[in-house]
Amino acid sequence: MQPGQSPMGSQYPPGYWPRQAPPPNAQQQQGRTLAAQPEPYPYHRRPAHRPKLRWVATPPPGAWPRRRVTPPERYYGPPSYPVPPRWGFPNLVWRRPTSVPGTASDEVRPIDRMPVLSRSLIGVLFAFAVLSVVAAGAEVWRYVLLVQGRESALNRSVVAFSDGFVLTAGLLASILALLPSGLSLWWLLVARRAAADVSGDDPPRPVWQVLVGVLVPIANLPMALSVAGELEHAVLGRPRDVRPKPSRQVLVWWGAWLLNWVLLGVTIVWRFRDDVQSMADSVVLVALTDLAAAALAVVTALVVRRFSALLAPSDARAVRSMRVLKVAGAPEPELRNARPAGAAR
């Protein structure tokens, strides 16, 4: 063979020397042998031959399109609807969180009872004050009739109506006085416990001393000031080792307390006298006692309101409702030129 001549005739151009393929290895020879054999199984039942190598294809960098960054939308004001929307919040009221029965979380704390108890007590005290004023007016009317009866005869129907009015108003005032008294005592015990829980200290005196200082006659005259002063001291969060100093409001309440009990005692003692002048004086004393009871009820309601606000200041009813009167510096709203279809008139 001459140089430059192709080894396999003229099918290759001059000077081309083809590269000889290497002989197949054992694995390639086995694959060719299996491919030449007829298929012994159907295609869907062909046994799987797992390759020894696993090829993983990954896209090159930049093959995927970049994520488009969405610019923030412009604020166009609150949403507007052509008709009132039918969705909304469920019609539920605020309630206490779920607590586990039998544990400390299941018990109602004294501080949680204060708002409801104070509102009920204040309403009852003002109602009793109004009733006491009415009873005092009935006694004043009776005294006016007594003065007129010294010089002229009185109308029988007027006297009968006055007696019925005095009896009814006095009886209602005497019976209903038990309700504000019981509620006030209950509020006092709950307030003492709530103030002790907030401050972390025990009450300064036991419950039986408080009951004696409020309910026992003569003993309750000086001790009522101590009980009210200690409660105010605890409510204000003052140190325990500092001597309680009652405020002016507590002193006014104590003055009304003393006046009411003194007039009540004098009236009861004066009723045992049988002469005509003493009977007329007892009418005046009863009227003054009713007015003193009304004043004590009003002052007590004010003290209860103040102490309850100091113990539980998060009462939503005490927040004053606000409304927008004027808007300055805001852009003019965009008015609609056409009415939307389906909008309610």
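Atoms considered below: every heavy atom in the structure, side chains included; atoms not considered: hydrogens, waters and symmetry mates.
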Is there a chain of hydrophobic side chains (I, L, V, M, F, W, Y, each step under 4.5 Å between heavy atoms) that links [X] to [Y]?
{"X": "W261", "Y": "L215", "result": "yes"}
{"X": "W186", "Y": "I122", "result": "yes"}
{"X": "L183", "Y": "V227", "result": "yes"}
{"X": "V140", "Y": "L171", "result": "no"}

Any side-chain heavy-atom pair of L211 and L185 under 4.5 Å: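 L211 vs L185: side chains touch.
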
Is there side-chain contact between S308 and L117, with at least one heavy-atom pair below 4.5 Å? no

How long is the span from the [atom1] atom in [X] to the [atom2] atom in [Y], to the nearest 0.5 Å?
{"X": "L125", "Y": "R305", "atom1": "CG", "atom2": "CZ", "answer": "10.5 Å"}
{"X": "L131", "Y": "F126", "atom1": "CG", "atom2": "CZ", "answer": "15.0 Å"}
{"X": "L296", "Y": "L258", "atom1": "CG", "atom2": "CG", "answer": "10.0 Å"}
{"X": "L288", "Y": "L264", "atom1": "CG", "atom2": "CG", "answer": "12.5 Å"}
{"X": "L178", "Y": "F128", "atom1": "CG", "atom2": "CZ", "answer": "9.0 Å"}
{"X": "T289", "Y": "W270", "atom1": "OG1", "atom2": "CH2", "answer": "12.5 Å"}

Matching residue for R193 among D197, L189, V190 - test: side-chain contact (heavy atoms from CB on, under 4.5 Å):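 Among D197, L189, V190, the one that satisfies the side-chain contact (heavy atoms from CB on, under 4.5 Å) with R193 is D197.
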
V216 and side-chain contact (heavy atoms from CB on, under 4.5 Å): which single residue from N220, V212, I218 fits? V212

So, the side chain of [X] versus the backbone of [Y]: is there a donor-acceptor pair under 3.5 Å, distance only?
{"X": "E232", "Y": "V250", "answer": "no"}
{"X": "R192", "Y": "V207", "answer": "no"}
{"X": "W254", "Y": "L221", "answer": "yes"}

Cut-off 3.5 Å, side chains only: do S120 and W187 have a donor facing an acceptor? no

Shortest non-hydrogen separation from A292 to N260 and the atoms involved: C-OD1, 3.8 Å

Got more than 12 heavy atoms from elsewhere within 6.0 Å of OH, Y143?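 No, because the 6.0 Å sphere around OH of Y143 holds 12 heavy atoms or fewer from other groups.
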
Please indicate whether R306 has more than 12 foreign heavy atoms, meaning atoms of other residues, nucleotides or ligands, lying under 6.0 Å from its CZ. yes

